[in-house]
Structures are given as structure tokens and as C-alpha cells.
Amino acid sequence: MHTTVGIIGAGPSGLLLARLLHQAGIDSVVLESRDRSYVERRQRAGILEQATVDALRAAGAGARLDAEGLPHDGIELRHDGRATRIDFPALTGGRRVWVYAQTEVVKDLVALQLAEGGPLHFEAEVTAVEGADTDRPRVHYRHEGREKTLTCDYVVGCDGYHGVTRHAVPESERRTFERTYPYSWLGILAEAPPAYDELIYAHSERGFALASMRSPSVSRLYLQVPNGTDPADWPDERVWDELDARLALTADPGRRLIRGPVTQKSVLPMRSSVTEPMRHGRVFLAGDAAHIVPPTGAKGLNLAAADVIVLARAFAHHAKTGSTELLDGYSDTCLRRVWRAEHFSYAMTTTLHTDPAQSPFDTRLQQSQLDRIATSPHAAAELAENYTGLPLDV
Ligand code: RFL
Ligand code: PHB
């Protein structure tokens, strides 16, 4: 079998890329190791930047997002008994974000691909990508009990942090920059209305807490916990009590943590990582396959979308003009945005979490930075611009 663009992975980056290529008249095949229902149920991101929303709409995947997505014009930061609203439109010249779960983005894109797009094979596990330096790279995979090979003009690894495509780039050509953090997140999904209309990010001496949502009746909540935490050590009541203590909402009108049945509970490690370059020969990397951010800045899914928007434009330009200029610039173009998001995610994470080894001096620095954001429109605007997302060509 042969295709123009072989896409590995049917997460948001692989699915959006396949859709954008389809719209540009470029054929592709998507290979995904998991089954459809697993991919559609994986609980992950919840926040979409305006540019991601615009891209999904232009891709024809905006109908349910427009009906069910929740536009958000700000977030609340809480520290030292004080609440600060970051007003996105006022600070950024009109930008906002949307609450629309990654599970829903994936469902919408899978449905479109199956109805109108090229082949999308589930339970097709790629074992190796070869020939990045040749003009016919090959993808080896297992599907329906058989070993198969897909030859391609180009291969795009959208296969996430644990994917295999990265290994098609020789080690001598590849550099990974990485940082792990001395804490994880315990995340729950609960059948309970959100604590407040907007997301609440709370710094407290007990550790970080985040109150997010999935819909007007479903809450998504996170607690900073030590690395290696077993979710079994956190019965529901303990989670709610700790959220109450860290969010400290009781004195604020309009904000109330409402308890409800917990339908999902898991622990996620925090990591920052960038692999450079994001291209070798005819093999490209996009999304989590190339970079990971800790979730505190809500950037991962948006970075994945930005990569494939840039890449789809470059493929379309190549198909139309024969020029490889945009394909050649792909890695540099994306890495500028990626490093900005890495910095922002790192700064949000280290300002809001309590490092177990942190000194009282470090705590004072965090409080000073949060005070600065609370009192300086410049500092607040810096946060708002990064949170709502930079223009695509930055
Ligand atoms: P994905 O979603 O990991 O998809 C990769 C796909 O590749 C498949 N795969 C393979 N297929 C075939 N053969 C192989 N050998 C394969 N190996 C892997 C996998 O099964 C999978 O389907 O990567 P993608 O598409 O780049 O998308 C990235 C996003 O999923 C990720 O960045 C975000 O979820 C990060 N993230 C958030 N991002 C945001 O923008 N806003 C948020 O609010 C936000 N919150 C989060 C998050 C990530 C979280 N976790 C679990 C890490 C909250 C959490 C808790
Ligand atoms: C989420 O709703 O899952 C979410 C929201 C904001 C973040 C991270 C995760 O920063």
C-alpha cells in the first residue's frame, strides 16, 4: 500500500492533520494502535485557544463545539486568601478560550474522517518507521493479525510521547531537552456542577489545586500530589476535603465546591520535554511526539493543533507550487512557539505548585510573583496573552 502522507497516531494532531490534508486534496492514511472507543474516551485536555477553535471550525469540525463548548473570558488565581481575575479580552484585545473536552474534539474528528476522509485504521500498531533519508519512507505495522508495510512520500509521527516515529530520526541528529517535576496531579471527573463559572487555579501552602469543568453538570478537578501517589490512597471524601482546604472558597459568594459522584480518578506525572529538530528527511514529528508540557498552562492540545496547521499549510504549498520552502521551515517555525509555551507552562507550574524541597525564601518569591500578577496589568497581560495563545506565525 502507498500513500502521500502516512500519519501515525489518531490523537488530536493526527486526526486534525488528516482532515486538513483531505481538505487540501492530499491523500493520507492514519494508523492508530488503540481501538476507537479507547481513543474517544481518553480523559485529557479541556481548554482550547481561539486559534484552535478557529481551525476546528474551518476544518468542518465546529458544529458541536459551537453548540456545546463554553467560551471563557477569564480565569481566577487564588493565593494567600486573595482572588484575582485575569480578564482575557480586556488584556489581550479581545481573545478568549473555550472549554471543550479533548474527548469531544477526537470524537468529532474521527466521525468526519470515517465519513469523508481517507483510511483510518484502528488497532494498527506501528512497530518501526524506516527510510527517513530516502524518498519512499516505510511504515511497518501490525493489523488484523498480519505484519504490513505502508510506503509514503512523507511520514508524520503524531504518536505522542511514547510513540515510535521519533526513533526514525538518527540519535546523532536528535536532541531532547527534558525536565521532570517533583509532583504529580491527581485528577477526578465528577458528576457535579462546576465550583464557579470560570477555572480556578489555587496556590496554597498545602499544594496546588485546580477547579475546571467539562460541562454545566460535570466538574474536572485536580490536586497536586507527591510523585508515586496511588489513587487508592485518595478515597473520594479525602479528595473533596483537600480540594475544599486548598481552594478555600467558603468566604466568596458565587463560588462553591459541590460534591458529586466521582466517575474517574487518576494520577498524572508532570514533564517538560522538547525533541529537536521536529523533522528529519521525509519524517516529521507533531504534537506530543515532539514536545510535552506540564498541564498547568493548558497548552498541550493547542500546541499539537498549531503544529499540524503549520504542517498542512506546508504540504498544501508543496502540492500547489512544488516548493519545499515551508516544509523546510516547519521545525524552526514550530519550535519558536513550542519554546514559548514551554516557558509559560514551566512558569505557571513552578509559581503555583509547592516543591517538597522548597524553602521559605522560594515561597516568598512565588507569593511576590502572584502579587505582581494581581496588581500589575502588564504582568496580568503577559499571563493572558500566553494563556489565550500567541498568533500562529509566532
Ligand atoms: P496523543 O493524544 O497522545 O495521541 C497520540 C496517538 O498515537 C497513538 N500511538 C500509536 N499509534 C500507532 N502506532 C504506535 N506505535 C503508536 N504509539 C502511539 C496513541 O494511541 C494516540 O492515540 O498526542 P497528540 O495527538 O499530539 O495530542 C496531544 C494532546 O493529547 C496533549 O498534548 C494534551 O492532552 C495535553 N493536555 C492539555 N492540553 C491542552 O491544550 N489543554 C489542557 O487543558 C490539557 N490538559 C493535558 C491536559 C494532558 C493531560 N495528560 C493526561 C497528560 C490534562 C491532562 C491530565
Ligand atoms: C482540564 O480541564 O482538564 C484542564 C484545564 C486547565 C488546565 C489543565 C487541565 O491547565
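Order of listing sets the numbers, starting from 1, for every ligand and every atom in it. We're numbering straight along the sequence, starting at 1.
Considering backbone and side-chain atoms together, V164 places no N or O closer than 3.5 Å to any N or O of ligand 1. Considering backbone and side-chain N/O atoms, A298 comes within less than 3.5 Å of an N/O atom of ligand 1.
Under the 4.0 angstrom criterion, atom 52 (C) of ligand 1 counts as lacking any protein heavy-atom contact.
Ion pairing between a basic and an acidic side chain is recognised when a charged N comes within 4.0 Å of a carboxylate O; R57 and D54 show such pairing. A salt bridge does not link E76 with R85: none of the charged nitrogens is closer than 4.0 Å to a carboxylate oxygen. A salt bridge is defined here as a Lys NZ or Arg NE, NH1 or NH2 lying under 4.0 Å from an Asp or Glu carboxylate O, and R259 with E237 meets this definition. With salt bridges taken as basic N to acidic carboxylate O contacts below 4.0 Å, one links E130 and R138. A salt bridge is defined here as a Lys NZ or Arg NE, NH1 or NH2 lying under 4.0 Å from an Asp or Glu carboxylate O, and R255 with D197 fails to meet this definition. Salt-bridge formation is detected for the pair K265/D236: a Lys NZ or Arg NE/NH1/NH2 atom is positioned less than 4.0 Å from an Asp or Glu carboxylate oxygen.
In the vicinity of R34, heavy-atom distances shorter than 4.0 Å reach the ligand 1 atoms 20 (O). Annotation for ligand 1: atoms under 4.0 Å from non-hydrogen atoms of G287 are 26 (O). Listed by atom number, the atoms of ligand 1 under 4.0 Å from R42 heavy atoms are 19 (C), 20 (O), 21 (C), 22 (O). Set against the non-hydrogen atoms of Q102, the atoms of ligand 1 under 4.0 Å away are 2 (O), 29 (C), 30 (O), 33 (C), 34 (O). Those atoms of ligand 1 that come under 4.0 Å of a heavy atom in L31, given as number and element, are 11 (N), 12 (C). Close approach of ligand 2 to T296 is summarised as follows: ligand atoms under 4.0 Å from at least one heavy atom of the residue are 10 (O). Atoms of ligand 2 found under 4.0 Å from any heavy atom of I47, numbered from 1 in the order shown, are 5 (C), 6 (C). Atoms of ligand 1 found under 4.0 Å from any heavy atom of K299 (numbered from 1 in listed order, with element): 39 (C), 40 (O). Under a 4.0 Å criterion applied to the non-hydrogen atoms of L199, ligand 2 contributes the atoms 5 (C), 6 (C). Per-residue contacts place A124 under 4.0 angstrom from the following atoms of ligand 1 (heavy atoms of the residue considered): 12 (C). Of all atoms in ligand 1, listed by their number and element, those nearer than 4.0 Å to a heavy atom of G300 are 32 (O), 35 (C), 38 (N), 39 (C), 40 (O).
Residues I373 and A379 share a closest heavy-atom pair of CA-CB, 3.9 Å.
Residue contact annotation: M348 has no non-hydrogen atom under 4.0 Å from ligand 2. In this structure, L210 has a heavy atom closer than 4.0 Å to ligand 2. Heavy-atom distances between Q43 and ligand 2 stay at or above 4.0 Å for every pair.
In terms of protein heavy atoms, atom 43 (O) of ligand 1 is closest to G46 N, 3.2 Å. The protein non-hydrogen atom at the shortest distance from atom 13 (N) of ligand 1 is V126 N, 3.0 Å. Of all protein heavy atoms, the one closest to atom 2 (O) of ligand 1 is R44 NH1, 3.1 Å. The protein non-hydrogen atom at the shortest distance from atom 16 (C) of ligand 1 is S33 OG, 3.8 Å. The protein non-hydrogen atom at the shortest distance from atom 5 (C) of ligand 1 is C158 O, 3.3 Å. For atom 9 (C) of ligand 2, the closest non-hydrogen atom of the protein is Y222 CE1, 3.6 Å. Among all non-hydrogen protein atoms, the one lying nearest atom 24 (P) of ligand 1 is S13 OG, 3.4 Å. Looking only at heavy atoms of the protein, atom 38 (N) of ligand 1 is closest to L301 N, 2.9 Å. Atom 8 (C) of ligand 2 has P295 O, 3.3 Å as its closest protein atom, hydrogens excluded (heavy atom only). With hydrogens left out, the protein atom closest to atom 42 (C) of ligand 1 is A45 CB, 3.1 Å, a heavy atom. Given atom 2 (O) of ligand 2, the protein heavy atom at minimum distance is S212 OG, 2.6 Å.
Here H162 has no heavy atoms under 4.0 Å from ligand 1, in either its backbone or its side chain. Using a 4.0 Å cut-off between heavy atoms, R44 contacts ligand 2 through its backbone alone, with no side-chain atom that close. In L48, neither the side chain nor the backbone holds a heavy atom less than 4.0 Å from any atom of ligand 1.
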Query raised in the report: Yes or no on side chain to side chain contact (heavy atoms under 4.5 Å, CB included) for H167 and R174, after CA distance, side-chain angles and deciding distance?
Result: CA-CA 9 Å; H167 303 293; R174 166 165 47 105; 3.9 Å; yes
Requested in this report: Evaluate the side chain to side chain contact (heavy atoms under 4.5 Å, CB included) criterion for residues L21 and T4: first the C-alpha distance (whole Å), next the side-chain angles of each, then the deciding distance (0.1 Å), finally the verdict.
Outcome: CA-CA 10 Å; L21 293 179; T4 306; over 6 Å; no
Query - Residue pair L31, H121: steps toward the side chain to side chain contact (heavy atoms under 4.5 Å, CB included) verdict - result: CA-CA 5 Å; L31 302 173; H121 297 300; 3.9 Å; yes
Query raised in the report: Can you list the steps and then say if V155 with R282 is a side chain to side chain contact (heavy atoms under 4.5 Å, CB included)?
Result: CA-CA 6 Å; V155 174; R282 286 179 174 250; over 6 Å; no
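Nearest-heavy-atom check against atom 6 (C) of ligand 1 across E49, Q43, R220, E32 picks out E32. Closest heavy-atom approach to atom 23 (O) of ligand 1 within the set N302, D288, I292: this belongs to D288. Distances from atom 54 (C) of ligand 1 to the heavy atoms of V139, L268, L15, V30 show the closest one on L268. If you check each of Y100, Y387, Y201 against atom 10 (O) of ligand 2, the one with the closest non-hydrogen atom is Y201. Residue P12 holds the heavy atom nearest to atom 27 (O) of ligand 1 of all those in G157, G389, P12, G11.
Separation of atoms CD (E40) and CG (L109) is listed at 10.5 Å; rounding is to 0.5 Å.
Between W185 and H353, the angle of the ring planes stays under 30°, which puts this pair in the parallel group of the 30/60° scheme. Ring geometry for Y154 against F284 counts as tilted: the plane angle lies between 30° and 60°, on a 0 to 90° scale.
A 4.5 Å side-chain heavy-atom check between V106 and P12 finds at least one atom pair inside the cut-off. At a threshold of 4.5 Å between non-hydrogen side-chain atoms, the residues Y196 and L249 do not count as touching.
Here the side chain of D159 pairs a donor or acceptor atom with the backbone of V164 at under 3.5 angstrom. Looking only at distances, a side-chain donor or acceptor of D35 sits under 3.5 Å from a matching main-chain atom of S37.
Both tests hold for R179 against Y181: distance to the six-membered ring centre under 6.0 Å, angle to the ring axis within 45°. No cation-pi contact links R95 to Y387, judged by a cut-off of 6.0 Å to the six-membered ring centre and 45° from its axis.
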